[in-house]
Amino acid sequence: MKTEEKMMTAIAAFVTRFYKWIPFVALLLFILSIISAGNIETKTEIKDLMSEKDPMIASYIEVDSVFAGGASIMITIEGNDKIRMGQCAEDFVAALQANPEIMKEIKAINLKIDRQFIDDWGLMLSEAEDIAKTAETFAQLNLLPFINALNNSFEETYTGEEAEEELETNKQENEAVAMLSQLETFFTLLREYLENPEALPVEDQGKILAETFLYGEPYQFNHDNSMLLFTMTPTLSAVEVEKIVELMKPIKAIQADMNAKYPDLHVSYTGEIPMQGDENDALGFDMMVPSLVALVLILLLFIFSFSQLRSILFILLVLIMGIVFNYGFVGITIEEINMLTSIMAVLLIGLGVDYGIQIVANFTTYREDGHEPKEALRLTYLKAGMGTLLAALTTALAFFVISATGVKAFEQFGIIMGTGIINCFLAMFFILPAILLWWGKKDLSKSHLPNINYQFLATLGKFSYRHRTATIISGIVVTIGLFAAVFLNEMEYDMMQLEPQQMPSIIQYNKVMEKFEMTPFASMVIANSIAEARELTDQLEKTPLVADIQSVADFFPPAEEQTARLAAIAEIRNMPQRYQTLNYSAGDAEAFAYEIQRTEWNVIEMGDLSVAGLGENNKIVKKRNAMIREIFGAEVGKPGREVFQQLIKLIESDPSLYAARLNRLDYHFARAMDAIVTRMSQTDRPMKNADLPEHIRKSMFDETGTRNLIMIYPDDGVLDDIDRVRHFNDSVARVSPRITGTTQILTAWMEEVINASEKAGIYIFAAVIFFLILNFRNIKYVIFATTPLVIGLIWMAGVYPLLGQKLNLVNIAVIPLVIGMGIDFGIHIAHRFKVEHNIETVYRYTGKGVFLSALTTMIGFGSLGLIGKFGSVNSMGRILFIGILTCLLTAMIILPALLSFNKKKHAEPKYGRSHS
C-alpha cells in the first residue's frame, strides 16, 4: 500500500472511530474562538498596511502622536446666498458648542477670522514694504480719494509698467484671490446701498463697508461664493476609529438639523476624520452583507446540487466553524485586521467551502452507488482525500509565501488567510465527515429535493479528451487573442476611486477639490522651532503643485522684519487727520465711476498677468471671471456677476442722485475706516504665541509652544495622476525628507504593492511547482496540473480590460492569489486521473466537486464585486471572480485534452462499485 493510501486509510479509521466525540471538541473550540475574536481591532488606513520602520510612516506616527495626525473635520455649506450661508455656519457652530460631548473631543473650531486679532495684529501680518504702501492708501479715507489711492497702489504693485511684483507663488495667488474677494464684497455692498439707501441706517452702512474692506471676507468662500468651508481640529486622530464613530454621530445629527432649517442650502462634511467614520460604516457593510449574500447563494446552489438538505447545512455549519476558528486565532495572535484582511470571511467562504464540497460530493456519490456510510467515507478519503489535502496545502502555501514578501500588509494578509485555509480544511476534513457519519446516514433514495445532474461535466471531459486536437487548437487561438489584450490593461492611480463613492465625505471631497482647487488631504511636517518653520515655509511657497500652506511663519517673521513692520505701523499711527467732510457733485460721481472702471481694468489685467507665473486656469483668473466675465484676450466668454459694471451703470444713470447718496455715506465710511485704522495701528511690540487666536494656537503648536505643525495642501487633481503625485512628492521632499501625508504614503504603498506583487507571483508559482514535484514525483502530471493555471491567468489578464476594468493598487496585490486558488482545479483533476486513469470517472466524481468549488468561490468574490461598497474591495472581487472563472474553464475544457496524452489502453472502466 502506498504511503498516501496508508495516511488516508488511517484518517478514515480515526474519524470512523471518534465521529461522536469530534463535534463536541469542535463546539468547545468554536465557543473559545468567539471569545477570542472579541480582541480584534479593525484598521482601515493605508498607513496601517505599511511598516512603522519606514521613515515616512515614522514621521506620520510622530505627527499623529503630537498633533493628532493633523487631521480635521471640514464642514461645507453650499448655496447662492452668502448671508444665509454665513448664518447657517454660525448656527452649526453654536449647536456644536452647546454639545459638551462633542466639544470634549474638539480642540479648535476655525469658522471665521478673529476681528479682535486683526485689530491687534492685522498690520503685523503684512511685510514692512506693504505696510508703507498701505499708509499711502490710508492717507485719505474718504471714498473717492481712497479708491483713487487704492488703484494707484494696485498699479504700482501688480499691473503698472513699473509693477514691483510678479504673481508666481501659491502664497501670492491666495493673497490676490483674498483681495479680489474683498473688492467684490465691498463694491457689491456699495451698489446695494446706492440702490436702497434706506435699508439700514447710514451709520451702519458706512461701518459695514469699512469693516468689509479692512477685515475682508469673514468666512472662507470659494472663488464663486457657492461654497462656504470651515474646519474643526479634533483631539483624536484618524486611527481612533471607535471615538471617531461616536464623535460623528452628533455632528451628523446637527448636519441633518441644519439641512432641515435651511432647505435652500446643502450642508455636508468631509476630511480625514469623517472619511474614517464613513469608511468604518462601509467596511462593516463589506464585512457582513457580501458574506451573507454569498452564503445564501451558496445555500441555493447546494440545495439543487446535493441529494440531502442536511448535507448542505452540514457544509455551511462546518464552514462557519472554520472561519470562526480563524477569527479566534487572529484574536489571540495578531489582534487586528486591516483593509485587505477585512474581507477574510468572504474569501474563506469561497475558498474554505471547496474542501467540504469535495468531501460531500464524493461521499454522496459513493452512497448513491450503494456503499454504506463508513465505506463511502473510506473511499472518499482514499480517492479524493489526498487531492483535497494537496489543494489546501498549495493554497495555504501561496498565502504564506505572500507573507514573506517583506510588505507589512501582505505579511498580515498572507498569515491570516494561510491559517484560515488550514482551519477551514481541518474543519472540513475531520468535523464534516464525523457529522456525516453521525447524522448523514439517511437513505438517499428517499430524498425528494430537486437535483442538478452534473453528468454534463463528464460529457464535456470525454469530448475534450477524445477531440484533443480541435480542443488544443481552439485553446491556442483564444489564448493568443487574449494575450494580445493583456497589453490593454491600465492602472487606476486615483486612490479616492477605491473609496465607497456614495459616502457623503467622498462626495464632498470631490466638491471641495473642484470648488477650492485643493485636496483636503494635507502633507505635514513638524518644525522644531519658529525659525525652522520660516525656512521650510519660504521654500514650500515656491514649490510646484502646492495649493496652500498653513504655517506659524505667517505670524512670526524674523526679528529684523518685525522691527521694520513696527516702524511702518508707527508711521500710520502718527498720521495727521485721515478724512474730511466732502460734498460730492455730479462730476465727482462721474469721477468715482471712472475710478471703479479703473479698478475693473486693473482686475482684468491682474488676471492676464497671473497666467505667466501661475498658468491659464489659476485661481486669480477664475475669481476674476466670476466677478466680471470670462475674458479671452479681446473676446468675451461666459458672463460673470459684472460687479463693477453694474455699479458704474447705476451711477452713470443719474450722477446727481448718486452724488447725493455718496455724500450721505462718505463721512460715515471715512470715520469708521479711521476708527479701525487707529485701532490697528496701536501695535507697538512683536507678536507672541499667546497673542494668537486660540484655535490657531491649539492646532499649530504642541503643548510646549515650540514645536509647530506645517500643513501643505496639494493642488486639486494631484491624486488623479501618478506623475503629478510623484512630482509633488519629489518637490516637497527636496524641501524636507520628513514631510509626510496621504500622497507620500500612497506613493510608497504603490511601489511596495507593485514590487511585492511581482515577487509574490514568482515565489508562489515556484513554491507550488516545487511542492507538486515532491508530491506527484512525475513531471508530466506537474505540467498537467499547472497548464490550466497558466492559460487561465493569461485569459484573466486579457478579459479584464475588455470588460472596461482597470487595475489598481489593491486588486493588483491579489492577482498572485489566483495562482494559489486556481492551481487547485488542476491538482484535483490531475491527481484523480493519476489514480483512476478514466476521464469519465474523474469528471463524474472530482469534476463535480471542482465545478461546485469554483462556483462557490466565484459567488464569494462576485458578491464583493457586485455589492461591495469599497471600490478597492469590489475591484478585488471582480478580478478574483474572473481569475477563478478562467482557471475553471481551462481545467474543464483544456485539461482533458492534455490528459489524453497519458491515457492507458486498459483504463476505461465504468464507474460504480468497482471503485472500492
Check: What is the ring orientation for Phe213 with Phe186, classed by angle as parallel under 30°, tilted 30 to 60°, or perpendicular over 60°?
Finding: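 Taking Phe186 first and then Phe213, their aromatic rings stand perpendicular (interplane angle over 60°).
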
Side chains of [X] and [Y] in contact at under 4.5 Å (non-hydrogen atoms):
| X | Y | value |
| --- | --- | --- |
| Ile526 | Val63 | yes |
| Asn528 | Thr706 | no |
| Gln255 | Ser268 | yes |
| Phe644 | Ile604 | no |
| Leu540 | Thr543 | yes |
| Met248 | Tyr269 | yes |
| Pro714 | Leu545 | no |
| Trp121 | Leu692 | no |

Listed partners of [X] passing side chain to side chain donor-acceptor pair (under 3.5 Å), at least two apart:
| X | value |
| --- | --- |
| Gln562 | none |
| Ser681 | none |
| Glu184 | Asn225, Lys623, Arg641 |
| Glu561 | Arg565 |

Note to self: If we ignore hydrogens and angles and just use 3.5 Å, is the side chain of Thr270 paired with the main-chain N or O of Ser505 as donor and acceptor?
What the structure shows: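 Indeed, once roles are kept as given, a pair shorter than 3.5 Å links the two residues.
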
Nearest non-hydrogen partners of [X] and [Y], listed with the distance:
| X | Y | result |
| --- | --- | --- |
| Asn689 | Arg697 | O-CD, 3.5 Å |
| Met700 | Gln550 | CE-C, 3.6 Å |
| Ala128 | Ala568 | O-CB, 4.0 Å |
| Ile569 | Met680 | CG2-O, 4.3 Å |
| Ala176 | Ile620 | CB-CD1, 3.6 Å |
| Leu228 | Ala89 | CD2-CB, 3.9 Å |

Can you name the salt bridge (Lys or Arg N to Asp or Glu O under 4.0 Å) partners of [X], sequence neighbours left out?
| X | answer |
| --- | --- |
| Arg679 | Asp119 |
| Lys104 | Glu101 |
| Lys82 | Glu217 |

Check: Does NZ in Lys207 sit with more than 12 non-hydrogen atoms of other residues, nucleotides or ligands closer than 6.0 Å?
Finding: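 No, the 6.0 Å shell around NZ holds no more than 12 heavy atoms from other groups.
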
Margin query: Phe92: which residues meet the ring-ring contact (aromatic ring centres under 6.0 Å, His included) condition with it, sequence neighbours left out?
Written below: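 For Phe92, the residues satisfying ring-ring contact (aromatic ring centres under 6.0 Å, His included) (neighbours in sequence not counted) are Phe230.
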
Note to self: Any salt bridge linking Arg598 with Glu595? Criterion: basic side-chain nitrogen under 4.0 Å from a carboxylate oxygen.
What the structure shows: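 Result for this pair is yes, salt bridge flagged.
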
Quick one: list whatever passes side chain to side chain contact (heavy atoms under 4.5 Å, CB included) with [X], sequence neighbours left out.
| X | value |
| --- | --- |
| Ile506 | Met275, Met496, Glu499, Gln501, Met503, Asn510 |
| Glu535 | Gln539 |
| Ser736 | Val525, Leu536, Arg738, Ile739 |
| Glu616 | Val611 |

Check: Between Ser523 and Gln744, do the side chains contain an N or O donor and an N or O acceptor separated by less than 3.5 Å?
Finding: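 Yes, a side-chain donor-acceptor pair sits under 3.5 Å.
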
Check: Stepwise, does the salt bridge (Lys or Arg N to Asp or Glu O under 4.0 Å) test hold for Asp691 with Arg685?
Finding: CA-CA 11 Å; Asp691 296 318; Arg685 65 171 176 81; 3.0 Å; yes

